[in-house]
Every structure is written in structure tokens, then in C-alpha cells.
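Scroll down for the structure; my scribbles are underneath it.
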Amino acid sequence: YSGPFTLTRSATVTAKAFKGGWLESGLVSADFTVTPANTAPQVSAGADQTVTLPASAHLEGTVSDDGQPSPESLTTTWTKLSGPGTVTFGSAGTVDTVANFSVAGIYVLRLSASDGALSGSDELTLTVKPVPDIKAPAIDEVRSTEIAVSSATVVWVTDEPAKSEIRYGVSRVALSDSASSFELGSHHALTLTGLVRKTTYFYQIRSADAAGNETLSSINLFRTPVGR
């Protein structure tokens, strides 16, 4: 064979010189060890992900290398580049591992690889959603105040921000009128209007948090004064 050739790994090449053709005895023979140029490791951190707390993210990166320099000494490391909380890796030095997050938010993680001389890296973005809210607000300290001939105010508190509605009427089974507030808050006060003097009114509170979890209070009552 004569002409150019390419080596992807270290190899020993024997070169001979001949006189009078290929079948003649070689006059000179020499062995050369040829080492290809080192290239940086090729790294993929994997696809971007979305997880919901308290679940972990399963990281599945890939790393390939040319085996140079010899002897091969390839190391890999996962690190956090950005994000609002702490990231704990199951094994930061393993390509395939898990990551746990202290708080929700947007995180960028980097997978790096080094062969001792050159290095490569790649990043992925993880969207971490908060723990789903499935708890309804608790309603407490319900009181009817400022009871007048044609109006009354009902006050109460909730253990988390909530919007609220009161249904009220002259019959426990027919709460046909309503008053509402769509503003989220923990301390609530709604005024019931259109009342008639010397009448017993029944009312029930409905409070809902930002996630849509809602609570109904027990049915309470008050009586308007005689007035004039």
C-alpha cells in the first residue's frame, strides 16, 4: 500500500524500503508509533425536563471520548449553574443519576467531562413545579356584626389567602341572596344588604384558595332589629 491513511487511535506502523519492486527483499525497515491528536469529550446532558415536587429528576446524560491521552482517565461531574434553591445529586460523578430540589423554580444543570487534558460540557433546563395544593382553607371566628334594620356585616378569618362568598336568606334551605369578594385575603368582611327589619336570616360562607380548593362553613343566623 502507498498513500495517505488516517489513525483514530495509537498504532504502530512499519515502513520498509525496497529496491527493484515489491518482491525484492526490503533494504530498510522502521517501526513508528503514531498517536492521533487528542479531542475533547463529547457531552450531552439530555433533554430539558419538568418535574413536580417532591419528585426527583432522573438525569440521563451521555459522554464519549477518543481515549486520549493514554492511559485514559475520563471523569464526569454534574453541577448546578443557576436556580433558586439547593440541588442534591444522588451521585454527582455519575452520568446517569437523580437530582432533588429544595424549592420550586427554574434550574440549569451542567454535565461536564474531562479526559485530564481537555474538557467538554452541556446544560439542560429543569422546570420544578411546587407541591400541588390540595388543602382547602379553614374558616374560623365567624361573627355577624353591625346588625341594622336593612344590613349586617359578617366577619371571619381563613388560615390561608382566599376569596369568598356568602349566601343568605330567610330560610335555611333557600339561601337565595349573595355577597362576594374576589380578592384573596385571610381576614374577611362582607356586608349583607336588602334586609328586612325584625327578621331572622340564615347565611353560609364559601371560601376558596388560589388553587380552587373550597370550604363551606356551617349555616349561621342573626336577627335584624325592630327598628322604626
Side-chain angles (χ1 to χ4, degrees), residues 1-135 160 209-212:
Y1 173 82
S2 63
F5 57 89
T6 300
L7 294 176
T8 59
R9 289 188 175 272
S10 298
T12 299
V13 179
T14 300
K16 292 184 177 181
F18 296 88
K19 180 180 179 181
W22 293 104
L23 299 179
E24 298 283 345
S25 298
L27 300 178
V28 180
S29 177
D31 292 335
F32 302 91
T33 298
V34 181
T35 301
N38 183 29
T39 59
Q42 302 297 304
V43 181
S44 171
D48 295 342
Q49 299 183 40
T50 298
V51 297
T52 300
L53 291 176
S56 302
H58 294 268
L59 307 178
E60 299 179 350
T62 57
V63 174
S64 60
D65 189 45
D66 60 4
Q68 299 296 330
S70 183
E72 186 175 12
S73 178
L74 186 66
T75 59
T76 58
T77 307
W78 283 100
T79 54
K80 168 194 159 184
L81 281 187
S82 63
T86 300
V87 180
T88 303
F89 297 99
S91 176
T94 304
V95 173
D96 295 336
T97 187
V98 297
N100 294 285
F101 305 88
S102 60
V103 297
I106 306 297
Y107 294 80
V108 177
L109 306 184
R110 171 179 286 172
L111 175 60
S112 302
S114 173
D115 62 10
L118 299 175
S119 61
S121 65
D122 188 36
E123 291 89 39
L124 64 81
T125 299
L126 269 153
T127 301
V128 181
K129 296 183 177 181
V131 177
D133 180 5
I134 58 174
K135 177 181 174 294
E160 63 173 311
D209 63 17

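Residues: numbered from 1 along the sequence shown.
- Between the CG atom in Asn38 and the CG atom in Asp65 there is a gap of 7.0 Å [rounded to 0.5 Å].
- With rounding to the nearest 0.5 angstrom, the CG atom of Leu126 is 9.0 Å from the CD1 atom of Ile106.
- Minimum interatomic distance between Ala113 and Val43 (heavy atoms only, all atoms of both residues): CB-CG2, 3.7 Å.
- Atom CG in Leu109 sits 7.5 Å away from atom CG in Leu81 (nearest 0.5 Å).
- Side-chain atoms of Asp122 and Gln42, non-hydrogen and from C-beta on, never get closer than 4.5 Å to each other.
- Among all heavy-atom pairs drawn from Lys80 and Gly85, the shortest one is NZ-O, 2.5 Å.
- Using modelled atom types, no side-chain atom of Asp48 and backbone atom of Thr50 make a donor-acceptor pair closer than 3.5 Å.
- Residues Trp78 and Val87 fail the side-chain proximity criterion, which asks for heavy atoms closer than 4.5 Å.
- Of all heavy-atom pairs between His58 and Gln49, the closest is O-NE2, 2.9 Å.
- No donor-acceptor distance shorter than 3.5 angstrom exists from the side chain of Ser91 to the backbone of Thr97, with no hydrogens or angles considered.
- Contact check for Pro84 versus Tyr107: side-chain heavy atoms found under the 4.5 Å cut-off.
- The closest side-chain heavy-atom distance from Gln68 to Asp115 is not below 4.5 Å.
- A 4.5 Å side-chain heavy-atom check between Leu111 and Val63 finds at least one atom pair inside the cut-off.
- Residues Ser112 and Ser121 approach most closely at OG-CB, 3.8 Å, considering heavy atoms.
- The shortest non-hydrogen separation linking Thr76 to Gly93 is OG1-O, 2.9 Å.
- Between Ala104 and Lys129, the shortest heavy-atom distance links the atoms CB-C, 3.8 Å.
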